[in-house]
Amino acid sequence: MIISNEMTVSKNFIELFQNRKYEQFVFSLMQKSKTVFPGTYEIVQEQSHGECDFIEKNTREKYDAKLPFLPEQIKLLTDGKKHNPKIMEWIDDMREEASAFDIMAIRNNTYNITDTKLYKIMKNAVLKDKPDENVVFFFPFPIVLSIEGSIFLQFATDYLKAIYNEMQMEINLYGRNIFVIYPSTERNKFVLRNLSEYHLEYIVYDELEKFFSYQVICYEK
């Protein structure tokens with residue numbers, strides 16, 4: 001499949017990751033959700049002892065927002081004495097990371113997903129959190145292809161699902177849920193997923209456009 005896409009990134013993109021600002025947008029998307037996050041949530045204001053970011057008001061379930069990046073990946077976006085923001089380098093790094101998944105190699109048993117950078121990042125983030133905290137990974141990049149209405153893509157094992165399946169075998173998740181939020185193929189439409197399920201929820205959300213936007217222009221087989 002040949003995909004033509006367009007990504008627009010603001011020069012102030014780094015602000016999204018400063019002072020954990022992205023958490024506000026994750027919380028807002030959770031509040032808009034009807035199926036993946038069906039509850040009512042509140043922000044945990046006091047986090048001086050490593051408390052989670054959000055709590056469901058009725059069940060008191062805990063949720064912690066995470067960025068699936070290495071520190072050096074975030075540094076590419078900073079504006080300092082050493083360099084100006086290297087946004088194109090960051091995008092290239094994300095593109096390379098997204099293309100690391102090889103479904104054919106998995107079928108032929110010649111691929112080890114645990115060797116990929118993204119698997120290691122997500123696994124380490126889950127292990128660092130407390131056993132009673134669900135994890136919500138926020139990707140400001142279309143890490144996998146998601147087209148609303150596509151039955152094939154919904155039930156196919158993509159990169160994120162493969163990571164979750166392997167993670168379940170490597171570590172005890174203690175009944176925790178691993179969620180992901182990332183851009184879909186449509187401008188300002190985001191995908192919300194619980195990786196233990198195949199359901200994908202699509203939400204139009206314009207508030208992040210001041211930082212970035214992504215859309216597929218066309219695709220063909």
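A salt bridge between Glu166 and Lys123 is absent, with no side-chain N of the basic residue lying under 4.0 Å from a carboxylate O of the acidic one. Salt bridge Glu89/Lys86: absent, no basic N to carboxylate O contact under 4.0 Å.
Scanning all heavy atoms of the two residues, the minimum distance from Ser10 to Ile87 falls at O-CD1, 3.7 Å. Residues Thr114 and Tyr119 share a closest heavy-atom pair of CA-CD2, 3.5 Å. Of all non-hydrogen atoms in Tyr41 and Glu56, the two that sit nearest each other are CE2-CG, 3.5 Å. Annotation for Asn12 and Phe211: closest pair O-CD2, 3.8 Å, computed over non-hydrogen atoms. Minimum heavy-atom separation, Ser213 to Asn188: CB-OD1, 3.8 Å. The heavy-atom pair separating Ile113 from Ala162 by the smallest distance is CD1-CB, 3.5 Å.
A salt bridge (charged side-chain N to carboxylate O under 4.0 Å, His left out) with Lys189 holds for exactly one of Glu148, Glu201, Glu209; it is Glu148.
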Stepwise side chain to side chain contact (heavy atoms under 4.5 Å, CB included) test for Asp93 and Glu72: CA-CA 11 Å; Asp93 200 26; Glu72 52 265 32; over 6 Å; no

task: Report the C-alpha separation of Ile178 and Leu160 in whole Å, then their side-chain angles, then the decisive distance to 0.1 Å, and conclude whether the side chain to side chain contact (heavy atoms under 4.5 Å, CB included) test is met.
output: CA-CA 10 Å; Ile178 310 300; Leu160 294 173; over 6 Å; no

task: Check the pair Phe54, Phe27 against ring-ring contact (aromatic ring centres under 6.0 Å, His included), reporting the backbone distance first and the verdict last.
output: CA-CA 8 Å; Phe54 321 118; Phe27 179 73; 5.4 Å; yes

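Side-chain contact check for Gln73 versus Lys117: some heavy-atom pair is nearer than 4.5 Å. Considering only heavy atoms from C-beta on, Tyr22 stays 4.5 Å or farther from Ile181 through its side chain. Looking at Met169 and Asn165, their side chains never come closer than 4.5 Å, going by heavy atoms from C-beta outward. A heavy-atom distance below 4.5 Å is not found between the side chains of Phe212 and Thr8. For the pair Tyr164 and Val180, the minimum side-chain heavy-atom distance is 4.5 Å or more. For the pair Asp158 and Arg193, the minimum side-chain heavy-atom distance is below 4.5 Å.
Shown here is Lys130, whose NZ atom has more than 12 heavy atoms of other residues, nucleotides or ligands within 6.0 Å. In Glu96, the CD atom is not crowded: 12 or fewer heavy atoms of neighbouring residues, nucleotides or ligands sit closer than 6.0 Å.
Phe179 CZ to Ser33 OG: the interatomic distance, rounded to the nearest 0.5 Å, is 9.0 Å. To the nearest 0.5 angstrom, Ile55 atom CD1 is 13.5 Å from Thr40 atom OG1. Rounding to the nearest 0.5 Å places CD1 of Ile163 at 3.5 Å from CG of Leu118. Going from atom OG1 of Thr35 over to atom NE2 of His199 covers 3.0 Å, rounded to the nearest 0.5 Å. A distance of 8.5 Å separates OH of Tyr182 from CG of Leu145, quoted to the nearest 0.5 Å. Here the CE-CE distance, from Met122 to Met167, works out to 5.0 Å after rounding to the nearest 0.5 Å.
One hydrophobic cluster holds both Tyr214 and Met88 under the rule that ILVMFWY side chains link at heavy-atom gaps under 4.5 Å. Note on Phe25 and Ile74: same hydrophobic cluster, where clusters join Ile, Leu, Val, Met, Phe, Trp and Tyr whose side-chain heavy atoms are under 4.5 Å apart, directly or indirectly. In terms of hydrophobic clustering, with Ile, Leu, Val, Met, Phe, Trp and Tyr side chains grouped at heavy-atom distances under 4.5 Å, Phe138 and Ile121 are assigned to different clusters. If you chain together hydrophobic residues whose side chains sit under 4.5 Å apart, Ile43 and Leu29 fall into the same group. There is a path of hydrophobic side-chain contacts, each under 4.5 Å, that joins Leu127 to Val135.
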Donor-acceptor contacts under 3.5 Å from residues 61-71 side chains, at least two apart:
from, atom 1, to, atom 2, distance (Å)
Glu61, OE1, Thr59, OG1, 3.4
Lys62, NZ, Asp132, OD2, 2.9
Asp64, OD1, Asp53, N, 3.3
Asp64, OD2, Lys66, NZ, 3.4
Lys66, NZ, Asp129, OD1, 3.2

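Listed for the Asn19 side chain is no donor-acceptor partner under 3.5 Å among the backbone atoms of Lys21. Not a single donor-acceptor pair under 3.5 Å links the side chain of Asn194 to the backbone N or O of Val36. A donor-acceptor distance shorter than 3.5 angstrom exists from the side chain of Lys161 to the backbone of Leu195, with no hydrogens or angles considered. Side-chain atoms of Arg176 come within 3.5 Å of backbone N or O of Glu133 as a donor-acceptor pair. Between the side chain of Asn124 and the backbone N or O of Lys120, at least one donor-acceptor pair lies under 3.5 Å.
Using bins of under 30°, 30° to 60° and over 60° for the plane-to-plane angle, the ring pair Phe141/Trp90 lands in the perpendicular bin. Between Phe139 and Phe137, the angle of the ring planes lies from 30° to 60°, which puts this pair in the tilted group.
For the residue pair Ser28/Glu207, the side-chain donor-acceptor check at 3.5 Å is not satisfied.
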